[in-house]
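The next block holds one structure in the form of structure tokens; read it before the comments.
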Amino acid sequence: MAQKPSIPKGTRDFGPSEMVKRNFIFDTVKSVFKLYGYQPIETPAMENLSTLMGKYGEEGDKLLFKILNSGDFLKGADESQLQQKNSQKITSYISEKGLRYDLTVPFARFVVQHREEVQFPFKRYQVQPVWRADNPQKGRYREFYQCDVDVIGSDSLLNEVELIQIVDEVYRRLNIRVAVKMNNRKILSGIAEVIGQPDKIVDITVAIDKLDKNGIEKVNLELEEKGLPKSAINQLQPILHLSGTNFEKLQQIKSVLATSEIGLKGVSEMETVFNWLAPLQLQTPVELDLTLARGLNYYTGAIFEVKALDMQIGSITGGGRYDDLTGIFGLPGVSGVGISFGADRIYDVMEHLDLFPKNAATTTQLLFINFGEKEQSWCLPVIQQLRRTGISTEMYPEPAKMKKQMSYANDRKIPYVALVGEEEMSSGLITLKNMELGTQEKVGVAELMELISNAIIRK
RNA sequence: GUGGAUGUAGCUCAGUAGGUUAGAGUAGCGGAUUGUGGUUCCGUUGGUCGUGGGUUCGAGCCCCAUCUUCCACCCCA
């Protein structure tokens, strides 16, 4: 090997044992999505840059992977821009496609493009990779999978409640302890309005989002740097110090937002959601957190974030309501709400807490030891029969030494091994070894099938 | 995009002030045991020390560049 091959920064290969675990996560979320009546779709890895740009904020545009045009991509480029090395301007000439940054924007594009085919409310799920040109760290990759569930074409807050139920059910099945944090963009808008800084909404939300991490003083400092007057910052203080139950917090914020129509709307939305949530007895705590902002531009109502309680890692699920994402693509008045499960971070959490089922690594149930040509021919029809009854079976492909074949079974964690040599062929009874216990017995084919089927069911 | 740390066998890591042929554990392979794995014992393969330059009589170690991973900022799943 002259030079070791490698893969791009922030991307990963997944070996068999990792894939078994990853599939466990994918299968779990998908089965919950289906349980709630969501339908699958897929969209291309790349989208036109025009559908991607401007949807994720300034930062998001920078993190988009852009694809160089095919052929002579410099042909259309402006000569003077090239001379000036104006990368930003040149980009629009040499790249018209990009890798998707999330699944929500492509979904909105999908809905607009297929508006005649989809029936509203449209409930869909989508499990696909997304790409971000971010600097990688632990729990942060440049290619990662999102598992999105969205319902579009319905204003009902029932959808918000349903998404929280889904979160509860998914993490109950995955056995991860989590907490849901909720807020509402309308409340945040109301706050900006009340303190007389409606145009500073983005700066305000970005700053107070860091309250948890940086503390009140740094937040205030950042607000000041962004040009907020002292009076406005002072007005903000009581909001940052809310305490009590969700309803108590809402009660307090209501009086602060008394003059803001949009703010009060947000409060009443949250009240409705919490009221409907109350009798459902979810095991996941749902907490109103006014410092939760979320950077994505398109959210307009409820916003969610899910944090793992037993491991420090960024949020493992996030989402919210977007009232007019489809409007950008020419279909106004269609509101949607959705959340996204971050499969890779969920994986990291489960790995760290050792939560994967331990038999998940097993695929083959039964290995036939290969003794030679005669024995192979004898075993082949038996193996076919076993596979037809659903038992995952394989035969070692060559008559290697016993030790090697047994080691193979052991390393692959195959629970049963069948030995068929001279003796077994003449008696018709197969020697079946239980690899875990080290015991073995002679059984007929029918008995063999029953034994293993039962063993699988017991697991 | 900015700043900091890291990189030695497949994996986990030693490597003394720059000085012969770079070590260990583990995994792999072979044997003890040719119809019995996981335990034990013996033997053995494997490294252009991330990559490319430079300083030096001499570089795993010093300098520069570059890449990876990790950490912080930013932002996020």
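Chain identifiers are assigned alphabetically (A, B, ...) following the order of the sequence lines, protein sequences preceding nucleic acid strands; residue numbering begins at 1 within each chain.
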Check your understanding: So, A/R132 side chain and A/L63 main chain: donor-acceptor pair closer than 3.5 Å or not?
Key ->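 A pair under 3.5 Å: no.
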Check your understanding: In whole angstroms, how far is the C1' atom of B/rC76 from the CG atom of A/L64?
Key ->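 Result: 14 Å.
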Practice item. Scan side-chain atoms only and decide if A/Q126 and A/D150 contain a donor-acceptor pair under the 3.5 Å cut-off. Key: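 Result is no, nothing qualifies.
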Distance-only donor-acceptor hits, side chain of residues 302-314 of chain A, under 3.5 Å, sequence neighbours excluded:
| unit_1 | atom_1 | unit_2 | atom_2 | d |
| --- | --- | --- | --- | --- |
| A/E305 | OE1 | A/R294 | NH1 | 2.9 |
| A/D310 | OD1 | A/R177 | NH2 | 3.0 |
| A/D310 | OD2 | A/R177 | NE | 3.2 |

Exercise for review: List in numerical order all residues of residues 135-144 of chain A for which some heavy atom is under 4.0 Å away from an atom belonging to RNA chain B.
Suggested key: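 Output list: A/N135, A/Q137, A/K138, A/G139, A/R140, A/Y141, A/F144.
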Review point. Which parts of residues 304-317 of chain A get close to RNA chain B, meaning a heavy atom less than 4.0 angstrom away?
Key: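 The stretch gives A/S315, A/I316, A/T317 as the residues lying under 4.0 Å from the strand, ordered by number.
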Review point. Which part of the nucleic acid does A/K401 contact within heavy-atom distance under 4.0 Å: base, sugar-phosphate only, or nothing?
Key: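 Here A/K401 touches the backbone only, sparing every base.
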Practice item. Select base, sugar-phosphate, or nothing to describe what A/Q405 touches, counting heavy atoms under 4.0 Å on all strands. Key: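 No contact.
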Among [options], which is the nearest nucleotide to the side chain of [X]?
{"X": "A/E59", "options": "B/rC76, B/rU69, B/rC74", "answer": "B/rC74"}
{"X": "A/N410", "options": "B/rU68, B/rG38, B/rU36", "answer": "B/rG38"}
{"X": "A/K210", "options": "B/rG37, B/rC75, B/rG35", "answer": "B/rC75"}
{"X": "A/R132", "options": "B/rG37, B/rC75, B/rA77", "answer": "B/rA77"}

Point to revise | Whole-Å P distance, B/rC57 and B/rU45 | key: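 Between the two P atoms, the distance is 37 Å.
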**Study point:** salt bridge (Lys or Arg N to Asp or Glu O under 4.0 Å) pairs, two or more places apart, involving residues 28-39 of chain A
**Key:**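 Checked against salt bridge (Lys or Arg N to Asp or Glu O under 4.0 Å) - neighbours excluded - no pair reaches residues 28-39 of chain A.
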**Study point:** Residues that A/R387 engages under salt bridge (charged side-chain N to carboxylate O under 4.0 Å, His left out), provided they are two or more places apart
**Key:**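 Applying salt bridge (charged side-chain N to carboxylate O under 4.0 Å, His left out) to A/R387 gives none.
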Revision key, fill the gap. Note, RNA chain B 5' to 3' with Watson-Crick or G-U pairs under 3.5 Å encoded as ( ), [ ], | and . gives (((((.(..((((.....[...)))).(((((.......))))).....(((((..]....)))))).)))))....
Review point. Side chains of A/K442 and A/I430: does their closest heavy-atom pair fall under 4.5 Å?
Key: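 No. Closest side-chain heavy atoms not under 4.5 Å.
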